[in-house]
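Following: one structure in structure tokens, then a few remarks.
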Amino acid sequence: MTWVKHNIRLSPAQNRALVGYAAQRGVTRYKMLGRVVDHGLAAIESGVTAPSDMQDITNELAAISIRFAELERVLDRALFTACAGYSYARQAALGGRRSDEAITAEAIAAYERQRSLASEVSS
């Protein structure tokens, strides 16, 4: 097989990526460039378009991130509600006559303790 020589120009970012990939695989940048061309042509022939695939992945990760944020808000509210319920139930069981402000302060303190314990576990 005879090889055909082509001259190409790469952007600085493309060159850095090419050199990085070559270093990771222990090959020269010229050999890596050949692999990139081979894989690129194969992707074109198979109809795979990497940019749209990457865009789909990016969109899905963004959607998952939004869902996690919503879930965290719901769990945070549930935790506070549980702490408030505990504080009011404890007050009723002890038969005390504390003000709503005092019970709320107790609920907030319990909530903060639980949040602190949860963040210690996840660290």
Side-chain angles (χ1 to χ4, degrees):
M1 166 166 41
T2 51
W3 295 91
V4 178
K5 183 177 180 179
H6 288 276
N7 292 323
I8 65 163
R9 294 183 189 272
L10 299 175
S11 70
Q14 289 171 327
N15 186 55
R16 283 190 300 275
L18 180 72
V19 170
Y21 293 144
Q24 287 175 353
R25 290 162 179 78
V27 298
T28 66
R29 61 185 167 151
Y30 298 107
K31 187 168 187 162
M32 192 68 226
L33 181 59
R35 289 182 183 177
V36 168
V37 171
D38 288 341
H39 287 277
L41 290 173
I44 290 170
E45 289 174 5
S46 69
V48 174
T49 55
S52 68
D53 291 344
M54 291 303 292
Q55 186 63 40
D56 291 344
I57 291 170
T58 302
N59 290 343
E60 191 59 34
L61 284 175
I64 289 171
S65 178
I66 290 169
R67 287 186 217 127
F68 276 136
E70 290 171 357
L71 180 61
E72 185 176 7
R73 283 193 297 272
V74 168
L75 289 174
D76 204 46
R77 289 182 65 147
L79 175 62
F80 181 77
T81 302
C83 289
Y86 169 78
S87 296
Y88 276 97
R90 183 173 180 269
Q91 183 65 26
L94 294 175
R97 301 255 186 252
R98 297 178 64 201
S99 68
D100 278 346
E101 290 79 18
I103 298 171
T104 300
E106 184 179 299
I108 292 171
Y111 165 78
E112 293 298 333
R113 280 193 307 275
Q114 294 302 314
R115 288 282 298 187
S116 175
L117 288 171
S119 57
E120 285 175 11
V121 170
S122 65
S123 299

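Note that the structure is a prediction, hence the values are computed from the model and not measured.
Within the model, atoms CD1 of I108 and CZ of F80 stand 5.0 Å from one another, a figure rounded to the nearest 0.5 Å. With values rounded to the nearest 0.5 angstrom, S65 atom OG is found 11.5 Å from E60 atom CD. The distance from atom CD of E106 to atom CZ of R98, rounded to the nearest 0.5 Å, is 5.0 Å. Here OG of S46 is found 12.0 Å from NE2 of H39. Values are rounded to the nearest 0.5 Å.
Looking only at side-chain heavy atoms (C-beta outward), L33 and I8 come within less than 4.5 Å of each other. You'll find the side chain of R35 reaches within 4.5 Å of the side chain of V27, heavy atoms only.
No donor-acceptor distance shorter than 3.5 angstrom exists from the side chain of S116 to the backbone of E112, with no hydrogens or angles considered. In this structure, the side chain of S87 engages the main chain of C83 through a donor-acceptor pair within 3.5 Å.
Contact between R29 and L18 at its shortest, heavy atoms only, is O-CD2, 3.9 Å.
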Scan the side chains in residues 67-76 for donor-acceptor partners under 3.5 Å anywhere in the protein, sequence neighbours excluded, and list what turns up.
unit_1: D76; atom_1: OD1; unit_2: Y111; atom_2: OH; d: 2.6
unit_1: D76; atom_1: OD1; unit_2: R115; atom_2: NH1; d: 2.8
unit_1: D76; atom_1: OD2; unit_2: Y111; atom_2: OH; d: 2.6

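Residues L79 and Y86 do not share a hydrophobic cluster, clusters being chains of Ile/Leu/Val/Met/Phe/Trp/Tyr side chains in contact below 4.5 Å.
The list of ring pair (Phe, Tyr, Trp, His ring centres under 6.0 Å) pairs with a residue in residues 12-33, not counting sequence neighbours, is empty.
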